[in-house]
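First the proteins, then the strands, lettered A, B, ... as listed; each starts at 1.
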Amino acid sequence: MDKLIVILGPTASGKTGLSIKLAKRFNGEVVSADSRQIYRGMDIGTAKPLDLEGVNHWMLDIKNPNELYAVAEYKKDAVAAIEDIISKGKTPILAGGTGLYIKAVVDNLDIPKVEADPVLRQKIEKDLEKYGIDYVFKKLIKLDPEAAYIIDPKNPRRIIRALEVTLLTKKPFSAQRKLGCPLFNVLEIGIDTPKEELKKRIEKRVDQMIGAGLVEEVKSLINKYGKNQQAFDAIGYREIINFLDNKITLEEALEEIKIDTWHYARRQMTWFRKDKRICWIKSPTKAEKLVKKFL
RNA sequence: GCCGAGGUAGCUCAGUGGUAGAGCACUGCUCUGAAAAAGCAGUGGUCGAAGGUCCGAUUCCUUUCCUCGGCA
């Protein structure tokens, strides 16, 4: 089975630097696993790498912010990219912090082939508002009793998606989530950063983003696309939009970005902690050793 | 110095004569076409200090310290 190296970790842990380093050392190319860096023009706020140091990168700048994109599509594109890299005899390195995207590739998730249906979603959202979440949840378990065990009864998005799949396929959602056979022989490397250090790095990075012109970036993006794009529901963007709308001060926006980024990092750590295959490393040299042995 | 308002969780504030709550923060968790999204749970306070009344005070009374306004 073809080999795939995965670099993951919370935001601001140094994934970008490490993946470029490994790519240069092992004749590799990087496939980004970041749900926001796929958008063109969202550079500063997503900490998109400026200098790729000659390493070929995939899955960056592939969509405009007014286009929708989701896991299933990501999985398809990322797997194609990895296969392309392998066919050239090079080493694929999947690097990023979007846990679900990584899982989709590594565990070959068989995601129900039902696209998001905005009209249906809106309709369910209206029911949600009108009759409450319990009503909508009951409606779901009537169609898919098993869903009661796997869907969070209080999470609107999970319920909406389960209903969407069940209604459009006329088959229960609970029976359609499958793990496929692994596509690649995977080495997962996680960057282990002490919490206090990570917190400091996040704060520093947010301050640097403002210095680098995040406000200008957001301004020009909303000029071009308007502010109601799904892509802009991203840390650093929604807060600056609130600042530009005079809802909060720049200082408050900065504070919020720092806190939201920290919350995000914590969610990432919770997500990755579950995956027992991950080799956690404290230094880049350790990563090189692991990769060398693996290859 | 005088007058007024206030001191309750890390922060902003509710509240009651029967030893206290909310939001945010903090910690843990969930996740299969929105995932930087969307949700769930938990920890946490000798109620500024000291006296007094009362079976019982964070709540009432007195004194005291601190903060913020106004007047001198």
Roughly, in whole Å, what's the span from [atom1] in [X] to [atom2] in [N]?
X      : N     : atom1 : atom2 : answer
A/W262 : B/G28 : CH2   : C1'   : 13 Å
A/R238 : B/A34 : CZ    : C1'   : 13 Å
A/D233 : B/A35 : CG    : P     : 9 Å
A/E203 : B/A25 : CD    : P     : 15 Å
A/I259 : B/C11 : CD1   : C1'   : 10 Å
A/F272 : B/C29 : CZ    : C1'   : 16 Å
A/Q229 : B/A34 : CD    : P     : 16 Å
A/F137 : B/C40 : CZ    : C1'   : 13 Å

Closest to the [X] side chain: [options]?
X      : options             : value
A/R273 : B/C29, B/C40, B/G33 : B/C29
A/R266 : B/G28, B/A35, B/C40 : B/G28
A/I160 : B/G28, B/A34, B/G39 : B/A34

Between A/E115 and A/A234, who's closer to the 5' end of RNA chain B by nearest nucleotide? A/E115

Would you indicate what [X] reaches in the nucleic acid, counting non-hydrogen atoms under 4.0 angstrom: base, sugar-phosphate, or nothing?
X      : answer
A/E255 : nothing
A/Y237 : nothing
A/T46  : base
A/Y74  : nothing
A/K195 : sugar-phosphate
A/G45  : base
A/D260 : nothing

Taking only the [atom1] atom of each, what is the distance from [N] to [M] in whole angstrom?
N     : M     : atom1 : answer
B/G52 : B/U58 : P     : 13 Å
B/U63 : B/G28 : P     : 49 Å
B/U59 : B/G17 : C1'   : 7 Å
B/U43 : B/C29 : P     : 16 Å
B/G23 : B/G39 : P     : 15 Å
B/C47 : B/A57 : P     : 12 Å
B/A25 : B/U64 : P     : 42 Å
B/G15 : B/G45 : C1'   : 14 Å

Distances under 3.5 Å between nitrogen or oxygen atoms of protein and nucleotides 30-32 of chain B:
from	atom 1	to	atom 2	distance (Å)
B/C31	OP2	A/K274	NZ	2.7
B/U32	OP1	A/R158	NE	3.1
B/U32	OP2	A/R177	NH1	3.0
B/U32	O2	A/D110	O	3.2
B/U32	N3	A/K178	N	3.3
B/U32	N3	A/K178	O	3.2

In chain order, what residues pass the salt bridge (Lys or Arg N to Asp or Glu O under 4.0 Å) check against A/D77, with sequence neighbours excluded? none

Check whether the side chains of [X] and [Y] place a donor and an acceptor atom closer than 3.5 Å, and report yes or no.
X      : Y      : value
A/T11  : A/R205 : yes
A/S174 : A/D144 : yes
A/T169 : A/Q176 : yes

Output, in order, the C-alpha distance, side-chain angles, deciding distance and verdict of side-chain contact (heavy atoms from CB on, under 4.5 Å) for A/D43 and A/E217. CA-CA 8 Å; A/D43 301 332; A/E217 176 172 298; 3.6 Å; yes

On the nucleotide B/C26, are OP1 or OP2 found under 4.0 Å from the side-chain N or O atoms that A/H263 carries? yes

So, does A/Y101 get its side chain near the phosphate of B/A35, meaning an N or O under 4.0 Å from OP1 or OP2? yes

Where does the angle between the aromatic ring planes of A/F232 and A/Y237 fall among parallel (under 30°), tilted (30 to 60°) and perpendicular (over 60°)? parallel

Given the ring of A/W280, does A/K282 sit roughly above its face, with NZ or CZ under 6.0 Å from the centre of the six-membered ring and within 45° of the axis? no

Looking at A/Y101, does the NZ or CZ of A/K75 lie under 6.0 angstrom from its six-membered ring centre and within 45 degrees of the ring axis? no

Let me have RNA chain B in dot-bracket notation, would you? Count Watson-Crick plus G-U wobble pairs, both distances under 3.5 Å, and use [ ] for pairs crossing earlier ones and | for inter-strand partners. (((((((..((((....[..)))).(((((.......))))).....(((((..]....)))))))))))).

Has the side chain of A/Q229 got a donor or acceptor atom that lies under 3.5 Å from a matching backbone atom of A/Y225? yes

Can you confirm whether A/F137 sits close enough to A/I151 that some side-chain heavy atom of one is under 4.5 Å from a side-chain heavy atom of the other? yes

Is any side-chain heavy atom of A/F243 less than 4.5 Å from a side-chain heavy atom of A/E251? no

Shortest non-hydrogen separation from A/I202 to A/A12 and the atoms involved: CG1-CB, 4.0 Å

So, does the side chain of A/E125 form a donor-acceptor pair with the base of B/A34 at under 3.5 Å? yes

